[in-house]
Amino acid sequence: MKNPKRYLITAALPYANGLKHIGHLAGAYLPADTYVRYLKAQKRDVVFVCGSDEHGTAIPIQATKEGTTAQAIIDKYHPIIAQNFKDLGIEFDIYHRTSAPIHHETAQEFFKVLNDNGDLEIKASEQYFDEAANSFLADRYIKGTCPNCAYESAYGDQCERCGKTLSPDELINPVSTLSGNKPVKKATQHWYLPLDRHEKFLSDWILKEHANDWRNTVIGQCKSWIDGGLQARAVTRDLDWGIQVPVAGAEGKVLYVWFDAPIGYISATKQWALDNGKDWKPYWQDKETKLVHFIGKDNIVFHCIIFPVMLQLHGDILPDNVPANEFMNLEGDKMSTSRNWKLEMQDYIDDFINKENGGPQLADALRYYLTQIAPETKDSEFTWKGFQDANNSELVNIFGNFVNRAMVLMHKLCNGKVPPIYPELFDALDNEAIKAITSSKEKVETLLEQYKFRDALFEVIDLARTGNQYMQKKEPWILAKQVDENGKIKIEAQRLIDNCMHICLQMTANLAILINPFLPFTAKKICHLLKVVDKMLEWENAGKLKLLSVGYSLRPPELLFRKIEDSEVTYQIEKLHKALEASKTNNEEEKAVAAFVPVKSEIVFDDFAKIDLRVGKILSAEKVEKADKLLKLEVFLGFETRTIVSGIALHFKPEEIVGKQVTVVVNLAARKMRGIESNGMILMAEDANGKLHFVNPEDAIGEGATVN
RNA sequence: CGCGAGAUAGAGCAGCGGUAGCUCGUCGGGCUCAUAACCCGAAGGUCGGAGGUUCGAUCCCUCCUCUCGCAACCA
């Protein structure tokens, strides 16, 4: 969309169940903030909304973990996250929260409109219910044995050991984590958003209209989902934390968090409008509004498939682009909250920005590096060494140094004032430098319009690089040696010096404008040095050579950035590894406790007697094709030989176990695994390290012997 | 299994039919106004592997390997 009347920019709503790390920052908030600062410098009509996402099952789970209430959790994390953003210069027009009444009303109204128009479907189904807790169970609240790898503490949505996506129905021996009881199936009904009805719309809109202006990764993901066939998706759930479904007969049901969260963008806009005496409607309803969602790749389906369908049904505008970023790794490994391998915004703020030798310039240092390695086309990696290199050799040595030497030389050779210029004395070098200034505006602009932040930032640094080269070639410090008999610089030399310094100073002012969207604190600091007001930073001033008037006296030089020392880098890397170790120990302790605590519910002797255990001997073993963990075994039981498929391939090689005696459950119902029917189950004991051991008679005995 | 994205000098990325470029790093030289810096030069890649199309492929096609990701009551 060219020259839209107004912009509405959103950044993914951070989930308020904990602190956010630099991956989140680099993925959504930093590019969004950069883009918004650029638009605002252009004096466009733009609103930048964000806020905490405060519903969903993970919030009450975190509350249980911290021994408090869901409300306390969101009240704890919302303000910290908001402050973190502020400290890093991420400047939203509003940082709202989905627990706000205005959001509840907005989301309910949204649901009602869709429901009244017949755009939702109601389906009855049977869900697990915990009678003791009197509550339906979300997937995460159900644990059981994984059908894929036999792990006993798999969640209802996913097995954490083998990573397989599960549904609660697939779990063997499901247990409610609320009460520890076995849950029962109970009928319930839910509202669904029938995405399948909108495949044509999505296909035309994304794959045709936006085939060329959306990122490859985004288009690819969308295509994959659309081609795979879309299905109706539940928009309500049985839970007591969230937004009540505003329909009779839906008591005890709330809106599915991903139905309510993106509506948070709308309610945030409403609140912003209220606070500022504006009308929110054009931002969501007028076709001339350009809506852009900044997100990470995990959010593509919600922002490109589900939310657009909702918006279209509700009669709102659609996003013009969704520049999703890939993920950022940290020091060679994926960032992970559970493993404690991460750099939280809070940690960086504590260690760099808040320290006496830190301050906002260190916020800009992080912004610089994160933009420079932004995962725009593929996953990227944050390393502390990389951070140090980028800061020291590019920010400090190239950008900071250029500004500093311009300021220092101007004070030494031009009396601390903006010198006059003599255009008639310009040579090729001067003209090239001027051209570099005027052309970089357009370069940066074009790249920013295409959401290529990494490349745009490079162009800015490149202008500083050009400035350094220009100064080196002109050598004003050499010209200054041409003095008359009184020791005064000769007038011809002084004129050449004046030209050079004048151009360098105008370039410095231009650098401030161009760097402003990326490094706002630095831009302000340059304005301070040049004794100009922030108004100079308006984008239309970029490319101009008359930003500083001749004769204007400037402040003494001050360094823009400081170097990052080796010791700081080593300290951070050590800290990272220590945190990892600490969390490992924690997890092990938790695991150890977990391994002993869940004693299954009591059974009577008759229950036990139902199980027929026999001693068997493994005759042969072979790997099951296309399954990492399965071995196909032929087991001799005295009275017959059976095929048993067992998930032990990661622990034993087939040839190692042939001839071994094992204990087998022989009256277990047959079950197909990878197409092979398994008739029985081998008993295994698992040690603290997760390694499996056979349970077998101490001495070899006859096959078929019973075990009691 | 399948699908999507990626695999190019030590690192990070461009290129997308005519025998590889950029930034940082490394090495050498020059210079000195500047945060032991700046400027110039050099070394370093058989463009993940194997086939194919083509006069010619990093770029197109096929197969393979590896990395990351993949909703459906998962934020």
Side-chain angles (χ1 to χ4, degrees), chain A residues 12-17 53-59 125 127-128 136-141 155-158 165-168 188 190 192-193 195 215-225 227-239 253-254 256-259 261 297-302 305-306 326-327 329 334 372-373 375-381 383 385-386 389-390 392-398 400-413 454-455 458 461-462 465 468-469 471-473 475-478 480 501 557 559-563 625-627 674:
Chain A
L13 303 187
Y15 200 56
N17 68 335
D53 174 9
E54 307 184 312
H55 297 132
T57 51
I59 301 274
S125 63
Q127 302 279 327
Y128 276 119
F136 278 98
L137 296 166
D139 289 5
R140 275 266 144 185
Y141 283 132
Y155 287 105
D157 55 349
Q158 193 181 36
T165 312
L166 303 171
S167 83
T188 182
H190 282 289
Y192 285 73
L193 179 64
L195 293 170
R215 288 184 179 167
N216 277 350
T217 46
V218 177
I219 294 281
Q221 292 271 333
C222 293
K223 188 174 182 324
S224 171
W225 284 309
D227 290 352
L230 297 166
Q231 288 169 36
R233 188 174 166 130
V235 298
T236 59
R237 68 206 305 198
D238 295 299
L239 195 71
K253 295 185 194 301
V254 297
Y256 169 40
V257 65
W258 264 109
F259 185 85
K297 70 172 159 184
D298 54 335
N299 266 331
I300 290 175
V301 67
F302 296 104
I305 307 271
I306 301 175
E326 301 289 291
F327 285 162
N329 294 329
K334 278 194 282 186
Q372 203 233 29
I373 60 164
E376 289 174 7
T377 52
K378 58 184 169 190
D379 291 355
S380 68
E381 181 166 334
T383 62
K385 183 76 174 63
D389 282 350
N392 292 3
S393 57
E394 291 173 29
L395 258 194
V396 179
N397 292 351
I398 294 171
N401 187 54
F402 172 73
V403 173
N404 190 238
R405 58 201 296 216
M407 293 299 291
V408 169
L409 275 177
M410 177 270 302
H411 277 278
K412 280 190 182 168
L413 307 177
R454 214 172 44 195
D455 293 346
F458 176 84
I461 299 299
D462 206 47
R465 196 174 279 124
N468 275 317
Q469 286 165 0
M471 205 185 284
Q472 183 71 22
K473 283 178 187 153
E475 296 181 312
W477 52 91
I478 302 286
M501 294 320 300
L559 297 179
L560 290 180
F561 308 104
R562 75 162 174 87
K563 296 219 173 193
E625 263 183 59
K626 289 168 188 169
R674 288 277 159 190

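Please read these numbers as outputs of a predicted model, since none were measured by experiment. Protein chains get the first letters and strands the later ones, always in sequence-line order, with residue 1 at the start of each.
A/Thr57 comes within 4.0 angstrom of sugar-phosphate atoms only, judged by non-hydrogen atoms across all strands, and of no base. Contacts of A/Asn401 with the nucleic acid, taken as non-hydrogen atoms under 4.0 Å apart, include base atoms. Residue contacts shown for A/Val408 are limited to sugar-phosphate atoms, with no base heavy atom under 4.0 Å away. Here A/Ala261 lies out of heavy-atom contact (under 4.0 Å) with every strand. Counting any heavy atom pair closer than 4.0 Å across all strands shown, A/Phe458 reaches sugar-phosphate atoms only and no base atom. Within 4.0 Å (heavy atoms only), A/Ile478 reaches sugar-phosphate atoms of the nucleic acid but no base atom. The residue A/Leu13 sits apart from the nucleic acid: no heavy atom pair falls under 4.0 Å.
In this structure a side-chain-to-backbone donor-acceptor pair under 3.5 Å is missing from A/Tyr256 to A/Gly56. Under a 3.5 Å cut-off, the side chain of A/Asp379 and the backbone N or O of A/Phe327 do form a donor-acceptor pair. At least one donor-acceptor pair closer than 3.5 Å links the side chain of A/Asn468 to the backbone N or O of A/Ile398.
Nearest to the side chain of A/Glu394, among B/C24, B/G4, B/C38, sits B/C24. With B/U35, B/G69, B/A5 as the choices, the nucleotide that has an atom nearest any side-chain atom of A/Phe327 turns out to be B/G69. The side chain of A/Gln472 lies closest to B/C31 when the candidates are B/C24, B/C31, B/A5. Listed nucleotides: B/C33, B/C39, B/C31. Nearest to the side chain of A/Glu475: B/C31. Of all nucleotides listed (B/U35, B/C24, B/U32), B/C24 comes nearest to the side chain of A/Arg465. Taking every side-chain heavy atom of A/Lys412 into account, B/C33 is the closest of B/A72, B/C33, B/C68. Each of B/C40, B/U35, B/G69 was ranked by its minimum atom distance to the side chain of A/Lys297; first place goes to B/G69.
Applying the side-chain hydrogen bond (donor to acceptor under 3.5 Å, both in side chains) criterion to A/His190, with sequence neighbours excluded, gives A/Thr236, A/Asp238. Shown here are the side-chain hydrogen bond (donor to acceptor under 3.5 Å, both in side chains) partners of A/Glu394, two or more places apart in sequence or in another chain: A/Tyr368, A/Gln372. A/Phe302 meets the ring pair (Phe, Tyr, Trp, His ring centres under 6.0 Å) test with A/Trp258; sequence neighbours excluded.
With a 4.5 Å cut-off on side-chain heavy atoms, A/Lys297 and A/Thr217 do not count as touching. Contact check for A/Lys563 versus A/Asn397: side-chain heavy atoms found under the 4.5 Å cut-off. The shortest side-chain heavy-atom distance between A/Arg237 and A/Val254 falls under the 4.5 Å cut-off. Contact annotation: the side chain of A/Ile306 approaches that of A/Leu195 to within less than 4.5 Å [non-hydrogen atoms, C-beta and beyond].
For A/Lys563 and B/A37, the shortest distance from a side-chain N or O to OP1 or OP2 is below 4.0 Å. Within the 4.0 Å cut-off from OP1 or OP2 of B/G25, not a single side-chain nitrogen or oxygen of A/Lys385 is found. In this structure, A/Arg215 does not reach the B/G6 phosphate: none of its side-chain N or O atoms is under 4.0 Å from OP1 or OP2.
A distance of about 31 Å separates the C1' atoms of B/C68 and B/U26, rounded to the whole Å. Straight-line distance between the P atoms of B/A7 and B/C59: roughly 12 Å, to the nearest whole Å. The C1' atoms of B/G21 and B/A14 are separated by 7 Å, rounded to the nearest whole Å. When the P atom is used for both B/C13 and B/G17, the distance is 23 Å, rounded to whole Å.
Summarising the geometry of A/Met501 relative to A/Pro476, their closest heavy-atom pair is SD-CG, 4.3 Å, with the distance given to 0.1 Å.
Side-chain atoms of A/Asn216 stay outside donor-acceptor range of the base of B/A5, with no qualifying N/O pair under 3.5 Å. A donor N or O paired with an acceptor N or O is not found under 3.5 Å between the base of B/C3 and the side-chain atoms of A/Gln221.
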- In dot-bracket, 5' to 3', how would RNA chain B read with Watson-Crick or G-U wobble pairs under 3.5 Å, [ ] for crossing ones and | for pairs to another strand? .((((((..((((.......)))).(((((.......))))).....(((((.......))))))))))).....
- Message: Please encode protein proximity along nucleotides 7-14 of chain B as a string of B, S and -, counting only heavy-atom distances under 4.0 Å.
- Response: S-----SS
Give me, pair by pair, the N or O atoms of the protein and of nucleotides 60-65 of chain B that are less than 3.5 Å apart, along with how far apart they are.
none

